[in-house]
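Data block below; observations after.
Proteins get letters first, then strands, A, B, ... in listed order; numbering begins at 1 in each.
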Amino acid sequence: MDKTIHLKVNGQDHDLTVPAQRLLVDCLRYDLGLTGTKESCSVGVCGACTVLVNGKIVASCISLAVAADGAEITTIEGLADDRRLHPLQQSFIDHGGFQCGICTPGQIMASKSLLDENPDPTEDEIKDWMMGNLCRCTGYYKILESIVNGIAEAKGSAQ
Amino acid sequence: MNTFEFHTPTTLDEAYRLLEAHGDDANIIAGGTGLVLFMKQRMVQPGHLVSLRSIPGLDSIRVEDGTAHIGAMCTMHQVETSPQLREVLPLLGETYRHVASVKIRNMATIGGGLSHGDPNQDPPPSLIALGASVVLSSGSGQRTVPLDEFFTDYFETDIHDGEIVTELEVPLPSPSSGGAFIKFLPRTADDYATVSAAAVVALEDGGRNCRDVRVALGSVATTPIRARKVEGAVRGRELTSSLIREASDLVQDEVDPLDDFRGSSGYKRQMAQVFARRALEAAVANISAVPA
């Protein structure tokens with residue numbers, strides 16, 4: 001059954017009529033064309049579909065779009081400030097934090113939310129937080145390096 | 001996934017009416033991490049989902065009269081990071097931080113998790129060891145069920161038709177007590193436990209003997225279990241390492257593990273003994289005020 005919902009995605013308001021069973025990841029990708037968010041495992045484990053809902057990371061592949069009615073959502077497309085990449089995005093490029101790139105939007109959204117909740121994390125806290133984001137290419141060292149440096153950069157530019 | 005009607009009642013009374021109107025064709029949805037997965041796999045195909053998300057007041061945390069009252073719609077991450085709960089019930093945060101990953105703990109609620117009735121979940125052993133209860137509310141009133149009586153079978157609980165888990169009540173531990181939760185994770189950090197165990201011990205006032213003790217385990221049967229034989233063997237006695245070792249052996253008679261990809265039944269039975277012992281040892285080590 002269809003339901004009309006309101007979402008604010010990356011600062012833009014949208015009124016959408018979607019079937020009740022529409023998953024948030026499909027709503028973002030197919031209804032709004034925001035294909036930066038990826039779907040991989042489809043069971044809330046791998047982290048590829050991670051987006052921020054009201055400032056908190058969630059697995060959009062097991063979230064119903066209708067349950068997000070009224071929410072503010074940030075996807076990877078919403079991180080850059082005008083044409084300037086977020087320090088975490090730039091750091092993933094500078095430090096080679098990806099190969100195939102499928103997990104990267106989720107990795108960056110998860111690390112962005114860590115930065116929001118804990119602006120000065122230790123390496124162990126980063127590993128603990130990022131445990132729900134899998135990568136099958138890099139072996140994680142480059143990802144950790146990207147996050148450590150991206151967070152340092154974000155702190156520097158905030159001061 | 002099948003299609004369904006998504007209801008967003010704004011009061012509990014409205015939710016009760018929807019549950020009554022749609023009976024077996026309705027499912028309650030909280031964070032959805034359990035139910036949506038079941039629906040994607042077509043294990044359940046409800047015609048109506050009754051969301052608790054728009055009902056105000058179900059996500060509060062208050063501590064009064066020696067009990068923590070935690071609203072059923074609190075997310076697991078909220079409970080894990082609550083400074084108020086960390087102060088009085090550190091075992092809660094220590095337990096909830098082990099559940100899956102942050103993105104799941106931001107979605108999953110404590111009431112939803114308990115209603116799901118999965119015997120492999122992390123929170124039930126600690127909550128049983130702490131002596132926690134759930135408040136079940138319906139159009140005809142409220143009742144409180146201790147968690148060691150709440151889980152009735154594999155994914156089955158004592159929730160009656162029309163009832164909603166609205167609150168978790170956790171009594172604050174007495175002084176001179178300690179608790180621990182240990183999760184055996186041989187595969188990946190976000191996995192369910194192969195075996196998990198929690199223990200809470202309290203010493204007699206000014207003494208060294210065990211006044212009260214609760215030990216509970218997860219992933220060792222069709223429900224989380226309370227290890228009453230182990231408790232009986234240490235209650236009233238001094239918690240020496242040899243007594244703990246002896247008592248932990250008794251857990252093997254109390255568990256009935258399922259064979260699965262996390263281990264054979266026999267292996268889990270042996271690990272139940274090891275982890276019951278470690279949980280008791282860690283609980284004793286965590287006692288804050290041991291008399292000299």
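Of the listed residues Gly44(A), Ala67(A), Gly132(A), Ala110(A), the one with more heavy-atom pairs under 4.5 angstrom with chain B than any other is Ala67(A).
The contact between Ile29(B) and chain A is made entirely by side chain atoms (from C-beta outward), counting heavy-atom distances below 4.5 Å. Contact annotation for Val45(A): both backbone and side-chain heavy atoms come within less than 4.5 Å of a heavy atom of chain B. In this structure, chain A has heavy atoms under 4.5 Å from both the backbone and the side chain of Met1(B). Proximity to chain A involves both the backbone and the side chain of Ala189(B), based on heavy atoms less than 4.5 angstrom apart. Residue Leu114(A) does not touch chain B at all, counting heavy-atom pairs closer than 4.5 Å.
Among the residues in residues 11-19 of chain B, none has a non-hydrogen atom closer than 4.5 angstrom to a non-hydrogen atom of chain A.
Applying the side chain to side chain contact (heavy atoms under 4.5 Å, CB included) rule to Pro119(A) yields no partners; only residues at least two apart in sequence or on another chain are considered. Residues passing the side chain to side chain contact (heavy atoms under 4.5 Å, CB included) test with Ala282(B), sequence neighbours excluded: Ala180(B), Ile182(B).
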Next on the checklist: Is there a side-chain contact (heavy atoms from CB on, under 4.5 Å) between Leu91(B) and Asn286(B)? Walk through the geometry before answering.
Outcome noted: CA-CA 10 Å; Leu91(B) 182 56; Asn286(B) 285 342; over 6 Å; no
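Of all heavy-atom pairs spanning Cys61(A) and Cys49(A), the tightest one is N-SG, 3.2 Å.
Remark: side-chain polar atoms of Lys268(B) are not paired, donor with acceptor, to backbone N or O of Thr194(B) under 3.5 angstrom.
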Between these two chains, chain B and chain A, I want each donor-acceptor atom pair under 3.5 angstrom written on its own line with its distance.
{"from": "Thr3(B)", "atom 1": "OG1", "to": "Met1(A)", "atom 2": "N", "distance (Å)": "2.4"}
{"from": "Thr3(B)", "atom 1": "OG1", "to": "Gln21(A)", "atom 2": "OE1", "distance (Å)": "2.9"}
{"from": "Phe6(B)", "atom 1": "O", "to": "Lys3(A)", "atom 2": "NZ", "distance (Å)": "3.1"}
{"from": "Lys40(B)", "atom 1": "NZ", "to": "Ser42(A)", "atom 2": "O", "distance (Å)": "2.8"}
{"from": "Lys40(B)", "atom 1": "NZ", "to": "Cys61(A)", "atom 2": "O", "distance (Å)": "2.9"}
{"from": "His77(B)", "atom 1": "NE2", "to": "Glu117(A)", "atom 2": "OE1", "distance (Å)": "3.1"}
{"from": "Lys103(B)", "atom 1": "NZ", "to": "Val45(A)", "atom 2": "O", "distance (Å)": "3.3"}
{"from": "Lys103(B)", "atom 1": "NZ", "to": "Gly132(A)", "atom 2": "O", "distance (Å)": "2.8"}
{"from": "Asn106(B)", "atom 1": "ND2", "to": "Ile57(A)", "atom 2": "O", "distance (Å)": "2.9"}

